[in-house]
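Report on one structure; see the data block that follows.
For this chain, numbers begin at 1 and follow the sequence in order.
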Amino acid sequence: MKSIPLFSVWLLAVLVNVIMQEWFVRGYLFQLIRKNGNTPVAIAITTLLFTGMHGGAFEAGIIPVINIVTMSIFVSLLLLYTGNLLAPIIAHFIWNAVGGLVTGTVSLAEDYPSLWNWTVSGSPLQSGGIAKLEGSIMVLVLNLLLITWMSWLLTSKIRRTGTITPSTI
């Protein structure tokens with residue numbers, strides 16, 4: 001394990017970045033589109049924007065791009081289920097902080113340090129190639145499982161309450 005000078009500053013940088021992304025994409029645009037349109041349109045448009053904000057994935061291949069898309073769908077469903085923007089912020093922060101700063105398996109940016117540099121050997125589908133583990137088929141499977149789980153929870157909530165979320169997301 002390496003030592004990262006000013007680790008708390010790097011952690012704060014990750015947190016601020018996540019808060020700004022989530023506030024803009026899901027806290028503002030998602031709510032605006034959802035209020036003036038419908039929920040699937042809000043998820044689709046904000047997922048396209050969120051994916052575009054992670055442009056490095058496009059350089060790494062189709063699986064990393066699909067992983068960003070599926071992560072965006074998951075955190076959008078998480079927002080709908082909880083009715084609270086804090087949930088996507090926490091999920092996104094944990095992903096970036098643990099994957100980026102701790103294990104080195106998430107490509108935050110070239111200048112972000114990591115305590116470890118975990119790698120997976122094998123084909124780029126398994127290892128993620130230049131996108132690290134974040135670009136692997138394993139993350140895609142995880143994201144699809146999270147979407148399935150969150151969809152099930154959301155469907156159960158709708159059946160129970162008759163509504164998706166409180167109007168005060």
Side-chain angles (χ1 to χ4, degrees), residues 1-32 43 45-147 149-150 168-169:
M1 180 171 79
K2 299 181 281 186
S3 172
I4 298 177
L6 303 171
F7 183 77
S8 59
V9 173
W10 286 106
L11 206 56
L12 181 62
V14 169
L15 180 62
V16 168
N17 181 285
V18 165
I19 289 171
M20 296 306 295
Q21 284 182 39
E22 292 299 333
W23 179 83
F24 177 64
V25 173
R26 275 166 267 286
Y28 177 68
L29 289 177
F30 182 88
Q31 304 308 324
L32 182 68
I43 291 172
I45 291 173
T46 56
T47 292
L48 286 173
L49 176 64
F50 186 79
T51 304
M53 292 168 70
H54 294 79
F58 290 94
E59 298 169 10
I62 189 67
I63 298 296
V65 172
I66 293 171
N67 287 347
I68 299 295
V69 167
T70 54
M71 179 54 82
S72 181
I73 292 169
F74 164 68
V75 292
S76 294
L77 294 173
L78 182 62
L79 172 64
L80 289 170
Y81 179 73
T82 63
N84 191 326
L85 186 60
L86 191 56
I89 289 171
I90 291 170
H92 192 164
F93 173 73
I94 289 170
W95 180 261
N96 284 2
V98 172
L101 293 179
V102 176
T103 65
T105 57
V106 171
S107 303
L108 295 177
E110 289 183 25
D111 55 347
Y112 275 75
S114 62
L115 292 173
W116 288 289
N117 192 17
W118 294 0
T119 57
V120 176
S121 59
S123 73
L125 276 178
Q126 294 170 313
S127 69
I130 62 169
K132 302 181 179 181
L133 189 62
E134 185 179 33
S136 75
I137 198 82
M138 292 182 281
V139 168
L140 177 57
V141 169
L142 173 65
N143 287 349
L144 292 173
L145 289 171
L146 289 170
I147 289 169
W149 175 61
M150 196 51 52
T168 57
I169 291 183

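- At least one donor-acceptor pair closer than 3.5 Å links the side chain of Gln126 to the backbone N or O of Ser123.
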>> Does Asn96 form a side-chain contact (heavy atoms from CB on, under 4.5 Å) with Tyr112? I'd like the steps, not just the answer.
In response: CA-CA 11 Å; Asn96 284 2; Tyr112 275 75; over 6 Å; no

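- Rounded to the nearest 0.5 angstrom, Asn67 CG and Met71 CE are separated by 8.5 Å.
- Nearest approach of Ser76 to Thr46, heavy atoms of both residues: OG-OG1, 4.4 Å.
- Contact between Phe58 and Gly52 at its shortest, heavy atoms only, is CE1-CA, 4.4 Å.
- Judged by distance alone, the side chain of Glu134 and the main-chain N or O of Ser107 form a donor-acceptor pair under 3.5 Å.
- Around atom CE of Met20, no more than 12 heavy atoms belonging to other residues, nucleotides or ligands sit under 6.0 Å away.
- The nearest pair of heavy atoms linking Leu101 to Leu108 is N-CD1, 4.4 Å.
- Here the side chains of Asn143 and Phe74 are not in contact, with every heavy-atom distance at 4.5 Å or above.
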>> Test side-chain contact (heavy atoms from CB on, under 4.5 Å) on Phe24 and Leu49; report intermediate values, then the result.
In response: CA-CA 10 Å; Phe24 177 64; Leu49 176 64; 3.6 Å; yes

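- Going from atom CH2 of Trp23 over to atom CG of Leu29 covers 8.5 Å, rounded to the nearest 0.5 Å.
- Panel note: side chain Thr103, backbone Val98; a donor-acceptor pair is recorded below 3.5 Å.
- Atom CD1 of Ile137 is separated from atom CG of Leu142 by 12.0 Å, given to the nearest 0.5 angstrom.
- Residues Val75 and Met150 fail the side-chain proximity criterion, which asks for heavy atoms closer than 4.5 Å.
- Considering every non-hydrogen atom in both Gly104 and Lys132, the closest pair reads O-CD, 3.1 Å.
- Remark: Ile66 CD1 to Leu140 CG distance equals 6.5 Å, nearest 0.5 Å.
- Here the CD1-CZ distance, from Ile19 to Phe93, works out to 8.5 Å after rounding to the nearest 0.5 Å.
- To the nearest 0.5 Å, the span separating CD1 on Ile73 from CG on Leu78 amounts to 13.5 Å.
- Side-chain contact check for Leu79 versus Phe30: some heavy-atom pair is nearer than 4.5 Å.
- Taking all atoms of both residues into account, the shortest heavy-atom contact from Gly135 to Ile63 is O-CG2, 3.2 Å.
- Taking all atoms of both residues into account, the shortest heavy-atom contact from Ser72 to Arg26 is OG-NH1, 3.1 Å.
- In this structure, Tyr28 and Leu85 have side chains that are not in contact, with every pair of non-hydrogen atoms separated by 4.5 Å or more.
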